[in-house]
Amino acid sequence: MTTLTLAGAINAGLRRALENDPKVLLMGEDIGALGGVFRVTDGLHKDFGGERVVDTPLAEAGIVGTAIGLAMRGYRPVCEIQFDGFIFPAFDQITTQLAKMHYRSQGRINLPVVIRVPYGGGIGAIEHHSESPEALFAHTPGLRVVSPATPADGFAMIQQAIASPDPVLFFEPKGRYWDKGEVDLDAAAGAPEGLGVARIARAGTDLTIVAYGPTVATALKVAEAAAAEGTSIEVVDLRSLSPLDTATLAESVRRTGHCVVVHEAPVFFGAGAEIAARITEACFFHLEAPVLRVGGFHVPYPVSKLEHDYLPGLDRVLDAVDRALSY
Amino acid sequence: MSQSTSPDDVDLIQLLTPTGQRVDRPDYSPRIAHLDATALRGMYRDMLLTRRFDTEATALQRQGELGLWAQSLGQEAAQVGSGRAASPQDMIFPAYREHGVAFVRGLELTKILRQFRGIDHGGWDPKDHNFHLYTLVIGSHTLHATGYAMGMQRDGVVGTGDPQRDAATMVYFGDGATSQGDTNEALVFAAVNNAPVVFFCQNNQWAISEPTSRQSRVPLYRRGQGFGIPSLRVDGNDVLACYAVTSEALERARSGGGPTFIEAFTYRMGAHTTSDDPTRYRSAAEEQYWRDRDPIDRLLALMKAEDAVDDAWLAELDEEATAFGEHIRTTVRSFERPSSDFMFRNVYAGPHAIVDDERAWFEAYQRTFVDVSATAGGH
């Protein structure tokens with residue numbers, strides 16, 4: 001076991017993928033000599049060269065569009081979008097081209113493209129640097145949408161995403177880039193199908209908190225605090241929004257009878273709405289309270305001095321836990 | 001006249017005048033010197049059968065057999081000339097009215113009609129003829145062609161000097177697409193990577209109802225120059241000139257010389273699609289001006305002047321076109337609606353719980369309907 005940050009673990013996973021498959025390419029802005037603005041690609045340009053770790057022109061549609069062409073030619077491009085709020089120039093290429101090519105070609109064209117997106121808030125950034133647009137992509141058939149919460153998952157999941165025959169939106173919780181954890185660098189990454197499987201991050205009996213990416217750590221803190229008051233909380237780390245591991249979710253909620261979904265994105269039309277609907281359909285007679293959601297408000301991401309009021313922190317999640325349990 | 005620039009532009013590369021006289025150019029004439037009478041007849045046949053296909057498809061749409069049709073009428077020389085300059089190992093990225101290029105690549109053209117009949121979003125395997133699926137979103141595929149060309153560079157099939165090995169991509173788009181961000185980004189990526197891609201812009205003067213003057217205040221080929229890409233304008237109704245400039249551009253790309261931007265100055269003689277009505281925005285005089293520059297008539301005039309064709313051959317071709325038309329009509333009418341589960345297939349390459357569950361649910365739902373037609377009595 002090695003102690004790594006999430007950023008370091010993803011870096012190690014990218015390095016492993018570059019070593020194992022000569023068709024893997026990294027593409028993005030400032031990912032070469034600089035190593036990316038978050039240093040996730042640190043050292044890779046030096047070791048693998050500019051043909052495989054490509055500093056691209058400053059054009060997101062161009063990055064994704066040329067990655068599609070490279071994938072048609074047999075490559076496995078891994079694109080870095082520098083920040084969540086800068087993905088929209090590439091939105092058309094992702095949703096109308098990347099997501100549909102396998103379908104419209106009747107399976108004749110595979111596009112194994114990974115799009116890495118540092119996302120989420122809590123880092124005191126200026127406008128457009130703290131957003132959570134994952135639901136927009138989960139709503140698009142043809143894409144897989146995942147987010148690791150721990151260094152161990154960062155290392156394994158980036159390799160699974162690169163091995164996937166489908167396009168994968170890989171959302172990296174940038175606020176957790178420097179969180180450390182144990183990573184087994186000798187472990188095999190596992191089959192790409194494993195990407196869609198949720199993880200019980202903490203077992204419990206009274207209530208299930210459903211989280212992914214940056215809110216998993218928050219949920220674990222909530223569970224710790226609640227345990228001190230005698231409440232046993234189970235935390236499910238979804239890992240994937242598309243596909244969604246409804247079976248693991250439903251199994252947990254049937255046992256606990258209570259569910260709170262937590263994400264940073266606005267609650268309105270967010271991933272939590274879909275999760276709540278599915279849990280309600282699957283667990284109606286086991287539920288002792290409505291499924292509650294905690295997340296961002298229906299406002300643009302606010303100024304950073306207010307982001308801790310906007311983000312679903314410990315207190316707001318505990319409040320939802322109390323409301324669910326006292327319903 | 002609506003075109004923003006005159007086709008008599010001094011920069012226009014032409015090897016065949018509208019009345020079928022050869023123009024001698026030391027830079028480009030050598031590139032067509034090997035085209036003998038047989039080759040000219042081949043080009044004529046490609047253009048004539050492409051037009052027959054287009055005419056049949058238009059009629060089939062009017063009869064309700066197709067949901068929509070995008071005509072290639074008038075653009076046969078630009079498509080056949082450029083398409084014939086490509087090698088089998090080159091990868092072609094069409095927009096959606098490159099029926100002439102498809103024909104030259106060897107695609108069974110009725111496969112194109114599957115998409116317009118609403119039974120397929122694609123219709124063929126791009127690998128069969130190195131001819132990608134049609135792309136309907138304007139300009140998107142310019143980036144795919146550029147990325148594919150960057151892959152060719154990495155595969156070591158550019159600049160080896162082996163004509164059987166060296167390859168390039170060629171992407172077709174229109175005057176409207178030159179305004180798209182994707183097209184401009186493709187030109188940037190192609191330029192800085194020196195990628196082996198030929199940007200073949202068919203300026204057919206109209207983006208549905210908008211003339212080229214709504215897209216640009218400079219001739220379109222000059223846009224390519226701004227990216228540091230060799231760019232030129234060719235008479236798009238001159239099949240010989242289109243062949244010559246494209247063969248030069250592809251040769252440059254395959255040999256490692258990088259991208260080229262070609263503006264083929266042509267005319268969309270038909271409507272944008274069968275849903276369009278050009279009488280609302282352009283004049284009959286303009287249409288007549290271009291009918292007088294018909295690309296097919298032009299080549300026929302040359303072949304007759306040079307005794308490259310006789311009446312017997314033309315009659316034979318006419319019979320072939322008639323049989324081809326019959327084949328198109330019969331084939332399209334035989335295309336059947338796919339079964340419902342077609343909708344769920346190939347959304348993902350691997351398993352996906354949501355799609356898999358919805359497919360299983362829908363199949364079970366459909367099984368709940370009893371086929372009453374088998375048991376119902378008469379009225």
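Below, chain A is the first sequence line, B the second, and so on; all start at residue 1.
- Among B:Gly123, B:Gly181, B:Ala349, the residue with the largest count of heavy-atom pairs under 4.5 Å with chain A is B:Ala349.
- Side chain to side chain, A:Glu193 and B:His352 fail the donor-acceptor criterion of an N or O pair below 3.5 Å.
- Interface remark: A:Lys100 contributes no atoms to any contact with chain B (heavy atom separation under 4.5 Å).
- At a 4.5 Å heavy-atom cutoff, A:Val64 makes no contact with chain B through either its backbone or its side chain.
- With A:Asp166 contributing its side chain and B:Gly350 its backbone, the two residues share a donor-acceptor pair below 3.5 Å.
- Looking at A:Arg73, its side chain never comes within 3.5 Å of a backbone N or O of B:Gly147 through a donor-acceptor pair.
- Across B:Asp356, B:Thr169, B:Ile354, the residue that shares the most heavy-atom pairs under 4.5 angstrom with chain A is B:Ile354.
- Contact annotation: the side chain of B:Gln115 approaches that of A:Arg104 to within less than 4.5 Å [non-hydrogen atoms, C-beta and beyond].
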Practice task
Please lay out, stage by stage, how B:Glu185 and A:Glu60 fare under the test side chain to side chain contact (heavy atoms under 4.5 Å, CB included).
Solution key: CA-CA 9 Å; B:Glu185 291 186 22; A:Glu60 288 78 10; over 6 Å; no
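- Interface summary for chain B: among A:Val54, A:Thr246, A:Ile63, the most heavy-atom pairs under 4.5 angstrom belong to A:Ile63.
- Each of B:Val355, B:Asp182, B:Val192 has some count of heavy-atom pairs under 4.5 Å with chain A, and the biggest count is that of B:Asp182.
- Only the side chain of A:Asp92 comes within less than 4.5 Å of a heavy atom of chain B; its backbone N, CA, C and O stay farther away.
- Between the side chain of A:Arg108 and the backbone N or O of B:Trp124, at least one donor-acceptor pair lies under 3.5 Å.
- For A:Ser242, the parts lying under 4.5 angstrom from a heavy atom of chain B are both the backbone and the side chain.
- Here CZ of B:Arg154 is found 10.0 Å from CZ of A:Arg52. Values are rounded to the nearest 0.5 Å.
- Considering only heavy atoms from C-beta on, B:Val347 stays 4.5 Å or farther from A:His102 through its side chain.
- For chain B, the nearby parts of A:Ala61 are the backbone and the side chain; heavy atoms of each come within less than 4.5 Å.
- For chain A, the nearby parts of B:Ala353 are the backbone and the side chain; heavy atoms of each come within less than 4.5 Å.
- A heavy-atom distance below 4.5 Å is found between the side chains of B:His132 and A:Met101.
- Chosen from A:Leu143, A:Asp245, A:Leu111, A:Leu244, the residue pairing most often with chain B at heavy-atom distances under 4.5 Å is A:Leu143.
- Ranked by heavy-atom pairs under 4.5 Å with chain B, the first of A:Gly107, A:Pro57, A:Pro165 is A:Pro57.
- The line from CG of A:Leu70 to CE of B:Met152 is 11.5 Å long, rounded to the nearest 0.5 Å.
- Counting heavy atoms from C-beta outward, B:His144 and A:Gln93 have side chains that approach closer than 4.5 Å.
- Contact annotation for B:Val157: only side-chain heavy atoms (C-beta onward) come within less than 4.5 Å of a heavy atom of chain A.
- The closest side-chain heavy-atom distance from A:Thr66 to B:Tyr148 is not below 4.5 Å.
- Comparing B:Leu136, B:Thr142, B:Asp155, B:Thr135 by how many heavy-atom pairs each has under 4.5 Å with chain A, the most go to B:Asp155.
- Residues A:Arg278 and B:Asp357 are not paired through a salt bridge, judged by the lack of any N-O separation under 4.0 Å between the basic side chain and the carboxylate.
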Exercise for the section: Please report the C-alpha distance between A:Ile68 and B:Leu143 in whole Å, then the side-chain angles of each, then the deciding distance to 0.1 Å, and finally whether the side chain to side chain contact (heavy atoms under 4.5 Å, CB included) criterion is met. Expected result: CA-CA 8 Å; A:Ile68 290 170; B:Leu143 283 166; over 6 Å; no
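- Partner A:Gln106 forms a side-chain hydrogen bond (donor to acceptor under 3.5 Å, both in side chains) with one of B:Asp120, B:Asp125, B:Asn346 and no other, that one being B:Asp120.
- Residues B:Phe342 and A:Tyr103 come closest through the heavy atom pair O-OH, 4.3 Å.
- What you find for A:Gly62 and B:Phe189 is that their closest heavy atoms are C-CZ, 3.4 Å.
- Only the side chain of A:Thr96 has a heavy atom closer than 4.5 Å to any heavy atom of chain B.
- Taking a 6.0 Å sphere around CD of B:Glu336, one finds it holds 12 or fewer heavy atoms contributed by other residues, nucleotides or ligands.
- Counting non-hydrogen atoms of other residues, nucleotides and ligands closer than 6.0 Å to NE2 of B:His129 gives a total above 12.
- In B:Arg214, the CZ atom is not crowded: 12 or fewer heavy atoms of neighbouring residues, nucleotides or ligands sit closer than 6.0 Å.
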